[in-house]
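Since the structure is predicted, the reported quantities are computational estimates derived from the model, not experimental observations. Per chain, numbering begins at 1; letters A, B, ... match sequence-line order. As a basis for the values below, the full set of heavy atoms in this structure was taken, side chains included, without hydrogen atoms, waters or symmetry mates.
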Amino acid sequence: MPEGPELHLASLYVNKMCQGLIFTGAVRKSEVSKAPDVPFTCEAYRITAASRGKEVKLTLTPMKSQGDQPMDIVFRFGMSGYFRLTTEDELPKHSHLRFYSNEEPCRVLSFVDTRSFGSWQPGGTWQPSRGPCVITEYKSFRSVLMRALSDRAFDRPVCEVLLNQKYFNGIGNYLRAEILFRLNIPPFVCARSVLEVLEAEEFCENKPLVKAETTGRNKRVGIKEEKGDLLRLCHTVPLEVVDLGGTFYDSEKEDYSDFKAWLQCYCVDGMKSARDHNGRTVWFKGDPGPMAPKG
DNA sequence: CGTCCACGTCTAC
DNA sequence: TAGACCTGGACGG
């Protein structure tokens, strides 16, 4: 379930399902998992979650201070991770890390990961190499990026830079396609050329279009401004997915028709696709742009 | 049966 | 810039 929206929905799911639940005992790992053990045991503790880009942090909080320390665990979801609360006899296949409630019979919060590309770090903090979250830290996402445009990272095609988690924490393969499609930006144009014309500060919501039109010299005029620019869409497009409440990549919802209907470009009939320089399929419409790989 | 493809990182040559 | 890391679904013979 793994782009920013799914990770964010996962944190909402954990907070909703674990509200009022009391967990107990040890955190248990599946036999097959190669990820680290989680050295946490407590008579009674609560679980809360937060997301940042493509990471989720669980916080385990002991209910009485009897020497037990709280613990954070930071998860990345790889291609197939998700959280699920079930009874003990309905544990999902590939449940690799488990937290047990004190109910009788107990319920179990599982980190499920079919392909095992996901990971967790006990006592972990947000990965320092990842930038601010496009969903929950929009302002700092935007300012960090606008101040970094001399970085050689922006010499690359915009479709590839959108997957660089140092600057676009939370954007993944379907989001990059949907975002570029909305603005009609060819995927293989140089990222810097798209970004350097943008404004450092957010303006769309406050400034009326009329003003931009009357001043004439303003390059922020026109239809683009109604929708927002590339950076704003890196925030609003993922938020649309959060509002849908689920995707193919989200275990909670079994009806994906809303998400299917929401996709305008990614895996859509009639759209083009190509391999980027990292071997990932990029979906787009029209001109691929000048930096497209040959062949 | 087989081959290809998938929402993402990682590290090694 | 490859591969490695994994499972499983779709589709072809």
Side-chain angles (χ1 to χ4, degrees), chain A residues 1-11 13 29-36 51-56 74-84 92-97 110-121 124 126-131 133-135 152-153 155-157 159-181 188 234 237-238 240-242 244-254 256 258-260 262-269 271 273-283 291-295:
Chain A
M1 77 182 252
E3 300 189 20
E6 290 84 359
L7 282 273
H8 189 69
L9 286 163
S11 73
Y13 173 85
K29 202 178 71 171
S30 74
E31 288 298 319
V32 295
S33 176
K34 295 169 188 165
S51 75
R52 179 177 187 262
K54 280 184 225 174
E55 297 183 306
V56 167
V74 171
F75 292 79
R76 289 182 286 280
F77 282 15
M79 295 284 260
S80 55
Y82 61 94
F83 283 105
R84 192 109 146 97
K93 204 176 175 187
H94 306 295
S95 161
H96 290 315
L97 197 68
S110 291
F111 176 66
V112 188
D113 185 7
T114 307
R115 297 182 68 184
S116 298
F117 291 174
S119 61
W120 62 80
Q121 200 57 60
W126 303 124
Q127 203 168 238
S129 56
R130 310 182 74 105
C133 177
V134 296
I135 295 175
R152 295 290 305 275
D155 295 349
R156 320 237 74 239
C159 71
E160 294 168 18
V161 172
L162 281 171
L163 296 187
N164 182 344
Q165 303 298 297
K166 180 174 177 186
Y167 296 111
F168 293 90
N169 191 6
I171 301 300
N173 205 11
Y174 78 74
L175 284 171
R176 73 169 172 177
E178 295 301 312
I179 290 164
L180 294 174
F181 173 85
F188 295 98
C234 287
V237 172
E240 290 178 13
V241 180
V242 171
L244 288 178
T247 71
F248 303 132
Y249 316 121
D250 183 304
S251 68
E252 252 203 281
K253 240 178 147 181
E254 63 288 339
Y256 307 127
D258 287 352
F259 181 63
K260 213 176 219 173
W262 177 86
L263 288 171
Q264 298 178 39
C265 180
Y266 181 77
C267 293
V268 169
D269 279 352
M271 295 295 152
S273 66
R275 291 308 177 91
D276 69 17
H277 291 94
N278 301 310
R280 305 203 65 192
T281 303
V282 58
W283 289 83
M291 298 175 82
K294 307 197 171 182

(message) Side chain of Lys93(A) only, heavy atoms from C-beta on: which candidate in dG8(B), dA6(B), dG8(C) is closest?
(response) dG8(C)
(request) Select base, sugar-phosphate, or nothing to describe what Ser116(A) touches, counting heavy atoms under 4.0 Å on all strands. (result) nothing
(message) On DNA chain B, compare the nucleotides closest to Arg275(A) and Arg130(A); which residue's is nearer the 5' end?
(response) Arg275(A)
(request) In plain terms, say whether Arg176(A) and Asp276(A) are close enough for a salt bridge, that is, a side-chain N and a carboxylate O under 4.0 Å apart. (result) yes
(request) Return no unless some side-chain N or O of Ser119(A) is found under 4.0 Å from OP1 or OP2 of dT9(B). (result) no
(message) What is the separation between atom CG on Leu163(A) and atom C1' on dC10(B), rounded to the nearest whole Å?
(response) 15 Å
(message) So, OP1 or OP2 of dT9(B): does either fall under 4.0 Å of a side-chain N or O from Gln165(A)?
(response) yes
(message) Measuring to OP1 and OP2 of dC10(B), would you say a side-chain N or O of Arg76(A) lies under 4.0 angstrom away?
(response) yes
(request) Using atom CZ of Arg156(A) as one end and atom P of dT1(C) as the other, report the distance to the nearest whole Å. (result) 6 Å
(request) Verify the stacking flag for Phe117(A) against dC5(C): centroid separation must be under 5.5 angstrom and the ring planes must differ by under 30 degrees. (result) yes
(message) Rounding to an integer number of Å, can you tell me how far Asn278(A) CG sits from dG3(C) C1'?
(response) 13 Å
(request) Return the nearest nucleotide to the side chain of Tyr266(A); candidates are dC10(B), dA6(B), dG8(C). (result) dA6(B)
(message) What's the closest nucleotide to the side chain of Lys54(A) if the choices are dG8(B), dG8(C), dC6(C)?
(response) dG8(B)
(message) Taking Gln127(A)'s backbone N and O only, do any of them form a donor-acceptor pair with Glu55(A)'s side chain (distance below 3.5 Å, no angle check)?
(response) yes
(message) Please compare Trp283(A) and Gln127(A) by the position of their nearest nucleotide in DNA chain B and report the one closer to 5'.
(response) Trp283(A)
(request) In whole angstrom, give me the gap between the P atoms of dC10(B) and dG8(C). (result) 22 Å
(message) Output the rounded distance in Å from CH2 (Trp126(A)) to P (dT9(B)).
(response) 14 Å
(message) From CZ of Phe77(A) over to P of dC6(C), roughly how many Å is that when rounded to an integer?
(response) 19 Å
(request) Verify, without hydrogens or angle tests, whether Lys54(A) (side chain) and Arg76(A) (backbone) share a donor-acceptor contact under 3.5 angstrom. (result) no
(request) Over 60° means perpendicular and under 30° means parallel, so classify the ring planes of Tyr174(A) and Trp262(A), tilted if in between. (result) perpendicular
(message) Under 4.0 Å from OP1 or OP2 of dG8(C): is there any side-chain N or O of His94(A) that close?
(response) yes
(request) For Asp276(A) and dT1(C), give me the distance from atom CG to atom C1', rounded to whole Å. (result) 12 Å
(request) Please state the P separation for the pair dA2(C) and dC5(B) - nearest whole angstrom. (result) 16 Å
(message) Could you tell me how far dC5(C) sits from dC13(B) if I compare only their P atoms? Round to whole Å.
(response) 12 Å
(request) Starting at atom NZ of Lys34(A), determine the distance to atom P of dT11(B), rounded to an integer number of angstrom. (result) 14 Å
(request) For residues Phe75(A) and Phe83(A), establish whether the separation of their ring centroids is below 6.0 Å. (result) yes
(request) Specify the separation, in whole Å, of atom CH2 of Trp120(A) and atom P of dG8(B). (result) 20 Å
(message) Any heavy-atom pair between the side chains of Asn169(A) and Arg52(A) that's under 4.5 Å?
(response) yes
